[in-house]
Amino acid sequence: MPEGHSIRHFANVHDDCFQGLTVKASSPQGRFDEGAEAIDGKTFVGTSTHGKHLFFHFAEHDHIVHIHLGLYGWFSVRKNRGGKPKQSARLRLENASFISELVGPTKCNYITTQELQTACAKLGPDPLHDDVDPQAMFDKIQSSKKSIASLLMNQSVVAGIGNVYRAELLFLEKLDPFMPGREVPSESLTNIWNNASVLMTDGATDGMIRTVAPQHLTEAEASDHKYNQYSYVYKRHTLPCRICGTTVLIGEVDGRKLYWCKKCQS
DNA sequence: CTATGATGGAAAC
DNA sequence: TTTCCCTCATAGC
């Protein structure tokens, strides 16, 4: 499921498959309220992203498609071998070589260039963007009484981090999730930002989240090619911490599950 | 078969 | 703070 790395990954895949080419567009599910007709037969110019927001740009139109996958939205992009459209697809793009089907998004609608800028202006800096100054994120955190766990999930503070990366980034920095933002040292914030950039860039390339260093995986886990499912603390509650053996804890912050090791993160 | 939850967020109370 | 939405894999009868 989608955090910022997935959005960048899907953007890359769509650029690879459709950039510069005309596409057939449709909405098999029929809930693309504004209709796919406006982009049907148009040239797919390319993608852009900010955090968990994905934008498809088309030629000749001020019809940018704004996509947010929400909790369980997903793309299926594959070679075009014919076959029938998936009926739950909100948006289907097709050219001679590829098919893209978007299922279950929270948002999929047209916006203008101006609306794109407005949407992005509400978001904090994105660790996946090149040459971005994270100072705005640091300032918001260090002027807040809210916990660092809460702040890292706030998209207006930093864009693209979700529940998995939050838990793992806090663990990697050995930071108490409940520490008020104003008490978090600048060095920790720099490390979190840098770790986020590296891990999410790798995640975008692979299309999966990997946070555990190879030496911290068991032999069986390391030989499992689906080792993206392994974490330091995310969903590891009741299991021993990979580093200290203490039982990983589970809690809730802002209605979302939080996982952490009380001994390592204090 | 139905119930539940999930890497999200907006809108309604 | 709670509710609701979009989908689907998995758990549990």
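Naming convention: chains lettered A, B, ... in sequence-line order (proteins, then strands); numbering from 1 in each chain. Side chains are part of it too, since the values below use all heavy atoms of this structure and drop only hydrogens, waters and symmetry mates.
- Straight-line distance from the CH2 atom of A:Trp74 to the P atom of B:dA6: 17 Å, rounded to whole Å.
- Comparing C:dC5 with B:dC13, their P atoms are spaced 12 Å from each other, to the whole Å.
- An OP1 or OP2 oxygen of B:dG9 is reached within less than 4.0 angstrom by a side-chain nitrogen or oxygen of A:His68.
- In this structure, A:Ser186 OG and A:Gln142 CD are separated by 4.0 Å, a value rounded to the nearest 0.5 Å.
- Atoms CG (A:Leu71) and C1' (C:dT3) sit 14 Å apart, rounded to a whole Å.
- Aromatic rings of A:Phe75 and A:His14 (six-membered ring for Trp) have centroids within the 6.0 Å cut-off, being under it.
- Counting only heavy atoms from C-beta on, A:Gln155 has its side chain closest to B:dG9 among B:dT7, C:dT7, B:dG9.
- Considering A:Val65, A:Ile64, A:Ile67, A:Thr113 as possible partners of A:Phe55, the one that fulfils the side chain to side chain contact (heavy atoms under 4.5 Å, CB included) test is A:Ile64.
- Computed from coordinates, the A:Leu258 CG to B:dG8 P distance equals 13 Å when rounded to whole Å.
- Here A:Lys86 lies in heavy-atom contact (under 4.0 Å) with sugar-phosphate atoms only.
- For A:Lys235, the listed nucleotide lying nearest its side chain is B:dT7; candidates were B:dT7, C:dT7, B:dG8.
- Put simply, CG on A:Leu170 is 15 Å from P on B:dT7, counting in whole angstrom units.
- The shortest distance between the side-chain N/O atoms of A:Arg166 and the OP1/OP2 oxygens of B:dT7 is not below 4.0 Å.
- For the P atoms, the distance linking B:dA10 with C:dC8 amounts to 23 Å, nearest Å.
- Atom pair A:Arg90:CZ and C:dT7:C1' shows a separation of 10 Å (rounding to whole Å applied).
- Between A:His216 and A:Tyr232, the ring centre distance stays below 6.0 Å.
- Outside the 6.0 Å centre-distance limit, the rings of A:Phe10 and A:Phe56 are not counted as a close aromatic pair.
- Across B:dT4 and C:dC4, the matching P atoms stand 15 Å from one another, rounded to whole Å.
- For the OP1/OP2 pair of B:dG8 and a distance below 4.0 Å, the side-chain nitrogens and oxygens of A:Lys257 include no atom meeting the criterion.
- Remark: the separation of the P atoms in B:dG5 and C:dC13 is 13 Å, to the nearest Å.
- Under the side chain to side chain contact (heavy atoms under 4.5 Å, CB included) rule, A:Val103 has a single partner from A:Arg90, A:Gln87, A:Arg92, A:Lys86, which is A:Lys86.
- A straight line from CG of A:Asp254 to C1' of B:dG8 spans 13 Å, rounded to a whole angstrom.
- A:Lys107 has no side-chain polar atom (N or O) that falls below the 4.0 Å cut-off from OP1 or OP2 of B:dG9.
- When the side-chain nitrogen and oxygen atoms of A:Tyr165 are compared with OP1 and OP2 of B:dT7, none of them lie within a distance under 4.0 Å.
- Atom CG in A:Leu169 sits about 13 Å away from atom C1' in B:dT7, given to the nearest Å.
- Within 4.0 Å (heavy atoms only), A:Gln29 reaches sugar-phosphate atoms of the nucleic acid but no base atom.
- Minimum atom distance to the side chain of A:Ser88 is reached by C:dC8, of the listed B:dT7, C:dC8, B:dG8.
- Rounding to whole angstrom units, CZ of residue A:Phe171 and P of B:dT7 are separated by 19 Å.
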